[in-house]
Novice: 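Okay, here's the structure, questions in a sec.
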Amino acid sequence: MFEYLPSVDHHRKGPLEARSAVFDAWVEYLAAEFEPNSLPTPEGSISEIASDSELIDQLRVLEELKGAAAAAQARIAAAFDASQRSKQEHAGLRKEELGRGVASQIALARRESANKGGRLLGLAKVLTSEMPHTMQALSLGKISEWRATLLVRETACLSLEDRKQVDEEVAGDAGLLESLGDRQIIARAKAAAYRLDPRAAVNRAAKAASERFVSCRPAPDTMTYLTGLLPVTQGVGVYAALSHEADRLRAAGDPRGRGQIMADTLVERVTGLGDAGSPKVEIQLVMTDRTLLAGDSEPVLVPGYGPVPAQWARDLVRRRNSRHPSSRNRSRRDRTKDQAMGGSDKHAEYWVRRLYTAPDTGELVAMDSRARLFPKSLARFIAARDTSCRMPWCGAPIRHLDHIRPHNRGGPTSASNGQALCEACNHAKEAPGWSAEPVRRSSPEPEADVGINEGLEKPVNAATAGHTVDTTTPTGHTYRSTAPPLPGTALPGTVASGTAPRPARPPENPAVPLAGPPARSPDSPVEACIADFVWAA
């Protein structure tokens, strides 16, 4: 989904070319040395490749190489930051704007999110200027990049002098440092920091309380991790309240497990509802008409989460809209089962919105507006198409809707000129030297072969890609992002779901009347381009 094109001067003459050639040679050597056909197989003899002792030695050396590479990346990142800040200062940027977009460029080069790029840049600057012993141990491969990060993190609250002293005390003996695990490194760094500056620990605790947050991440099997970072008194208090309620209900004969009761109580108390299975919030399901009405197995997309099984989505819609007279008289056990499945037997309203996509690519049909800001309908349209931040390797939740070509340069407020970005990526894109353009689409060419570099030098083939954006950084490097395929999209080398005849099968549950498109036979080649928004409230 992401592609990269080096800048024109990527292989320019001079020392950088020689260094880059060495790095490239390492990658090529390791890729060739450890190809699958060169590794031992059950039929082959391991001794023909290397002895067990040599294989372990190779693992250790490669681990040390990773540490040395991380140290080299830190030095390069710090040097790049200093160079960019100097150029921005000469360009007349205000002091508070210096460094804008630098972390995002580092993130793109390392195939990481903008948030991770900022942390990597901060790590690099501390290692290269404040913690020489830790940097030396990393350069020699004695510790990993993560363990260097732990040392930097645990000394963040200290003054420069105290941090250097902790660095010398904990990392001064590289041999001893190499023998320590994560917890031992954290314990030694904390002990030294507390001893040198007790007040810093108190200040750090106060600062940590200001950084409390709640996050939601996808989990396997249509579940999510709802995580809250809270001050210890609040966190323990919340857990104790949930535990007490679970014990009370279990003693009263509730058949649910203790963990289930705690989870349901958390949802009920946060949402203010008496039933954890019926939250009055909007849930988006993006599915084809075949999945919704004809029992097709094409996965369903939940924006902000990812794909979910087709039957799970159908069950959610049917349960949330059950009108069966006996639903009110079902047992508590049955209602609990419904809650565990994500549904409810309570009355609920819903809407079905149909958004049609291009049959050859699955791209949503464009909408256009003369407005400076994206209207709500168009904003939802773009958010459904992009699903998360469009910057390569980011994937953070959508926070801003961005004009790819800026509005002040004639960029229209349209679906083709809009993209969804997180806050960090949108701010980075506004830094001097950044530019972005939507890639124009060419006519379908069945024989076209879109390569990584070639695809960035010519228009996108309309038959192989959806909405595409090229982002160019101040160094001239270009990164391409293509909107993820929506359900029902035929990917290259595959057959779109619903286009091949399948034997008819009875529905798993009684059909529920829906205000959506008419039902079609699963044997008919219905349009592979229909995406239905089922808004359950």
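Index from 1, following the sequence.
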Novice: Using the test ring-ring contact (aromatic ring centres under 6.0 Å, His included), find all partners of W434 that sit at least two apart in sequence or belong to another chain.
Specialist: none
Novice: Is it true that atom CZ of R405 has more than 12 heavy atoms of other residues, nucleotides or ligands lying nearer than 6.0 Å?
Specialist: no
Novice: Could you walk me through whether W393 and E112 satisfy the side-chain contact (heavy atoms from CB on, under 4.5 Å) test, starting with their C-alpha distance in whole Å, then the side-chain angles of each, then the deciding distance to 0.1 Å, before giving a yes or no?
Specialist: CA-CA 5 Å; W393 304 294; E112 298 285 3; 5.7 Å; no
Novice: Do H477 and L108 have side chains that approach each other closer than 4.5 Å (heavy atoms only, starting at C-beta)?
Specialist: no
Novice: Is the side chain of R212 donor-acceptor paired with the backbone N or O of A209 at a distance under 3.5 Å, no angle test?
Specialist: yes
Novice: Report yes or no: does R147 contribute a side-chain atom to a donor-acceptor pair with the main-chain N or O of L180 at less than 3.5 Å?
Specialist: yes
Novice: So how far is it from T413 OG1 to L401 CG, rounded to the nearest 0.5 Å?
Specialist: 10.5 Å
Novice: Any heavy-atom pair between the side chains of Q88 and E97 that's under 4.5 Å?
Specialist: no
Novice: Given 3.5 Å as the limit, does a donor-acceptor pair link the side chain of T128 with the main chain of A124, or not?
Specialist: yes
Novice: Kindly give the heavy-atom pair with the smallest separation between A193 and V166, and that separation in Å.
Specialist: N-CG2, 4.2 Å
Novice: I need the minimum non-hydrogen distance between L151 and L177, along with the two atoms involved.
Specialist: CD1-CD1, 4.3 Å
Novice: Do the side chains of K142 and E178 get close enough for a salt bridge, i.e. N-O under 4.0 angstrom?
Specialist: yes
Novice: Are side-chain heavy atoms of E130 and D167 found at a separation under 4.5 Å?
Specialist: no
Novice: Decide salt bridge (charged side-chain N to carboxylate O under 4.0 Å, His left out) for R163 and E154; before the verdict, give the C-alpha distance in whole Å, the side-chain angles of both, and the deciding distance to 0.1 Å.
Specialist: CA-CA 9 Å; R163 170 175 261 175; E154 296 303 326; over 6 Å; no
Novice: How long is the span from the CG atom in L150 to the OG atom in S144, to the nearest 0.5 Å?
Specialist: 7.5 Å
Novice: Any chance you could measure Q311, atom CD, to S297, atom OG, to the nearest 0.5 Å?
Specialist: 10.5 Å
Novice: Can R100 and E89 be counted as an ion pair, charged N to O under 4.0 angstrom?
Specialist: no
Novice: Before giving the answer on side-chain contact (heavy atoms from CB on, under 4.5 Å), spell out for R385 and I382 the whole-Å C-alpha distance, their side-chain angles and the decisive distance to 0.1 Å.
Specialist: CA-CA 5 Å; R385 181 196 67 198; I382 295 173; 3.7 Å; yes
Novice: State whether the side chain of S179 and the backbone N or O of L176 hold a donor-acceptor pair below 3.5 Å, judged by distance alone.
Specialist: yes
Novice: Just by distance, no angles: are the side chains of T478 and D470 close enough, under 3.5 Å, to form a donor-acceptor pair?
Specialist: no
Novice: Would H467 and R390 count as having a side-chain donor-acceptor pair, cut-off 3.5 Å?
Specialist: yes
Novice: For the ring pair Y29 and W26, is the centre-to-centre distance below 6.0 Å?
Specialist: no
Novice: Search all heavy atoms of D386 against all heavy atoms of A483 and return the closest pair with its distance.
Specialist: OD1-CB, 3.9 Å
Novice: I need the Q419 CD to N426 CG distance, nearest 0.5 Å.
Specialist: 8.0 Å
Novice: Side chains of D182 and W146: does their closest heavy-atom pair fall under 4.5 Å?
Specialist: yes
Novice: Please collect all side-chain hydrogen bond (donor to acceptor under 3.5 Å, both in side chains) contacts where either partner lies in residues 64-76, sequence neighbours excluded, each pair once.
Specialist: E63-K66, Q73-R110, R75-S139
Novice: Quick one: does T155's side chain have a donor or acceptor within less than 3.5 Å of a partner on V152's backbone?
Specialist: yes
Novice: If you look at every heavy atom in G411 and H403, which pair is closest and at what distance?
Specialist: O-CD2, 3.9 Å
Novice: Report yes if some heavy atom in the side chain of L120 is under 4.5 Å from a heavy atom in the side chain of E145; otherwise report no.
Specialist: yes
Novice: Which distance, rounded to the nearest 0.5 Å, do you find between the CG of L121 and the CZ of F80?
Specialist: 9.5 Å
Novice: With no hydrogens and no angle check, is any side-chain donor or acceptor of T291 less than 3.5 Å from a backbone partner on E298?
Specialist: yes
Novice: List the atom of C394, the atom of C425, and the distance in Å for their closest heavy-atom pair.
Specialist: SG-SG, 3.8 Å
Novice: Count the heavy atoms belonging to other residues, nucleotides or ligands that lie under 6.0 Å from CD of E168, then report whether that count exceeds 12.
Specialist: no
Novice: Does any non-hydrogen side-chain atom of R399 lie less than 4.5 Å from one of L421?
Specialist: no
Novice: Is it true that S416 and S414 share a donor-acceptor pair across their side chains at a distance under 3.5 Å?
Specialist: yes
Novice: What do the steps show when you test Y479 against V469 for side-chain contact (heavy atoms from CB on, under 4.5 Å), and what is the final call?
Specialist: CA-CA 8 Å; Y479 300 86; V469 179; over 6 Å; no
Novice: Does the pair D81 and R85 meet the rule for a salt bridge (charged side-chain N to carboxylate O under 4.0 Å, His left out), with working shown?
Specialist: CA-CA 6 Å; D81 176 72; R85 286 175 176 272; 3.2 Å; yes
Novice: Would you please test T471 and M391 for side-chain contact (heavy atoms from CB on, under 4.5 Å) and show each step?
Specialist: CA-CA 8 Å; T471 301; M391 196 65 72; 4.2 Å; yes
Novice: Taking the side chain as every heavy atom from C-beta outward, state whether T134 and I143 have any atom pair closer than 4.5 Å.
Specialist: yes
Novice: Can you check whether P474 reaches Q105 side chain to side chain, under 4.5 Å on heavy atoms?
Specialist: yes
Novice: Quick one: pull up OG in S129 and CG in L160 and give me the separation to the nearest 0.5 Å.
Specialist: 7.5 Å
Novice: Which heavy-atom pair separates K429 from I404 by the least distance, and what is that distance?
Specialist: NZ-O, 3.4 Å
